[in-house]
**Q** 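This structure is in structure tokens; I'll ask about it shortly.
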Amino acid sequence: MSPVCDVEPLPPDFYEQPTLTVARQLLGARLVRILDGKRLDGIITETEAYIGEDDLACHARAGRTPRTRVMYGPPGRAYVYFTYGMHWMLNAVTGAEGFPAAVLIRAVKVVSGRELVAVRRPNVKCAAWADGPAKLTRAFGIDGTQNELDLTDSASGLWIESGLVISDANVTIGPRVGLYSVPEPSKSLPWRFLVTELTKLEEQ
DNA sequence: GCGACGATGGGCT
DNA sequence: GCCCATCGTCGCA
């Protein structure tokens, strides 16, 4: 695994780990985007795992379809999908090739390239720039054209680097959000990972 | 074909 | 806290 000082994108090996491990390890990692030749990045503060056809909250519950195909592909790819008629969601494909799983990136704290976000999120307080899954895709200029992109290759213009180390004491684990009509037991699985104290990020 | 619904967000009460 | 915009995807006819 990459050392903390590594500024290269996290490698395919990272994403090939069990999905829950990847979801936990992505907390504190740095989401990087190149827009207009400039670098925008932020620290990932919230993730959720979606694992396999038996997970009734996972899109792959429907099996292999044109939409879910990317989740069956190699780990480290972006799975970007559209929902509620207006929102894009960013996921990282995880686990072995052939097994459908992904980690939803739910929130990011913008660090550098703030001026790039200010243009995209006018009339929005910076604390709310990217604190939701659809907000962060808008802030980072991500839409369906980034689907299937290789997150392990900086040439993609979208990748994830190692960043801060988040201690277990600063992580809250609980059920995933927005699964109103998903049956148990999938609905209550503790597959959401959240940095508890955002202020502690500044100190590290 | 077609209808139901969704891994949400923002505005208004 | 409630409401609803808005349309791709899936499942079924």
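Just so we're on the same page: letters track the sequence lines, and every chain starts at 1.
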**Q** Name the residue closer to the 5' end of DNA chain B, choosing between A/V177 and A/K135 according to the nucleotide with the nearest heavy atom.
**A**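 With A/V177 and A/K135 compared, the 5'-side residue is A/V177.
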**Q** Report all side-chain donor-acceptor pairs from residues 30-37 of chain A shorter than 3.5 Å, counting only partners two or more places apart or in another chain.
**A**
from, atom 1, to, atom 2, distance (Å)
A/R33, NE, A/F140, O, 2.8
A/R33, NH1, A/G157, O, 3.3
A/R33, NH2, A/G141, O, 2.9

**Q** Between the side chain of A/T94 and the main-chain N/O of A/T19, is any donor-acceptor distance below 3.5 Å?
**A**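 A pair under 3.5 Å: no.
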**Q** I need the single residue from A/E148, A/H59, A/Q146 that forms a side-chain hydrogen bond (donor to acceptor under 3.5 Å, both in side chains) with A/Y79. Which is it?
**A**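 The residue from A/E148, A/H59, A/Q146 that satisfies side-chain hydrogen bond (donor to acceptor under 3.5 Å, both in side chains) with A/Y79 turns out to be A/H59.
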**Q** Are the side chains of A/V110 and A/R121 in touch, meaning some heavy atoms are under 4.5 Å apart?
**A**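 Side chain of A/V110 against side chain of A/R121, heavy atoms only: no contact under 4.5 Å found.
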**Q** Anything under 4.0 Å to a heavy atom of chain A counts; send over the first and last such nucleotide of DNA chain B, read 5' to 3'.
**A**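 Under 4.0 Å from chain A, the extent on DNA chain B is B/dG6 to B/dG10.
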**Q** Quick one: does A/E48's side chain have a donor or acceptor within less than 3.5 Å of a partner on A/V177's backbone?
**A**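 At least one qualifying donor-acceptor pair exists.
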**Q** Any base atoms under 4.0 Å from A/R69, or only sugar-phosphate, or nothing? Heavy atoms, all strands.
**A**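 Counting heavy atoms under 4.0 Å across all strands, no contact is made by A/R69.
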**Q** Just how far, in rounded Å, is C1' of C/dC7 from CH2 of A/W88?
**A**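 Distance check: A/W88 CH2 to C/dC7 C1' gives 10 Å.
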**Q** Would you indicate what A/Y180 reaches in the nucleic acid, counting non-hydrogen atoms under 4.0 angstrom: base, sugar-phosphate, or nothing?
**A**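 Nothing, no nucleic acid heavy atom in range.
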**Q** Restricting both atoms to N or O, compile the protein contacts to nucleotides 10-13 of chain C shorter than 3.5 Å, with distance only.
**A**
from, atom 1, to, atom 2, distance (Å)
C/dC10, OP1, A/T65, OG1, 2.2

**Q** Spell out, yes or no, whether A/L116 and A/I44 are grouped together once hydrophobic residues are joined by side-chain heavy atoms under 4.5 Å, including indirect joins.
**A**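 In one cluster: yes.
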**Q** From the options A/N91, A/V80, A/V93, select the one residue that forms a side-chain contact (heavy atoms from CB on, under 4.5 Å) with A/V70.
**A**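 The residue from A/N91, A/V80, A/V93 that satisfies side-chain contact (heavy atoms from CB on, under 4.5 Å) with A/V70 turns out to be A/V93.
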**Q** Considering every strand and a 4.0 Å limit on heavy-atom distances, what is the contact class for A/F82: base, sugar-phosphate, or nothing?
**A**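 The residue A/F82 makes sugar-phosphate contact but no base contact.
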**Q** Please work out if A/L104 contacts a base, only the sugar-phosphate, or nothing of the nucleic acid, heavy-atom cut-off 4.0 Å.
**A**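 A/L104: base contact, heavy atoms under 4.0 Å.
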**Q** Quick check: are there more than 12 heavy atoms from other residues, nucleotides or ligands sitting under 6.0 Å from CZ of A/R39?
**A**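 Enclosed.
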**Q** Scan the side chains in residues 122-131 of chain A for donor-acceptor partners under 3.5 Å anywhere in the protein, sequence neighbours excluded, and list what turns up.
**A**
from, atom 1, to, atom 2, distance (Å)
A/W129, NE1, A/V124, O, 3.3
A/D131, OD1, A/K135, NZ, 2.8

**Q** Need one value for A/M86: base, sugar-phosphate or nothing, where a base atom within 4.0 Å counts as base even if backbone is also close, heavy atoms only.
**A**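 Base, at least one base heavy atom under 4.0 Å.
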**Q** Is there a donor-acceptor contact under 3.5 Å linking the side chains of A/S156 and A/D150?
**A**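 No.
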**Q** Hey, can you pull the donor-acceptor pairs under 3.5 Å for the side chains in residues 186-193 of chain A, sequence neighbours left out?
**A**
from, atom 1, to, atom 2, distance (Å)
A/S186, OG, A/L56, N, 3.0
A/K187, NZ, A/Y180, O, 3.0
A/S188, OG, A/E184, OE1, 3.0
A/S188, OG, A/E184, OE2, 2.7
A/R192, NE, A/E46, OE2, 2.8
A/R192, NH2, A/E46, OE2, 2.8

**Q** According to a 3.5 Å limit on both distances, what stems of 3 or more consecutive Watson-Crick or G-U pairs are formed with DNA chain C?
**A**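 DNA chain C stems, ordered by first number: B:1-6 with C:7-12, B:8-12 with C:1-5.
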**Q** Quick check on DNA chain B: between A/P133 and A/S181, whose nearest nucleotide comes earlier from the 5' end?
**A**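 Here A/S181 is the residue nearer the 5' end.
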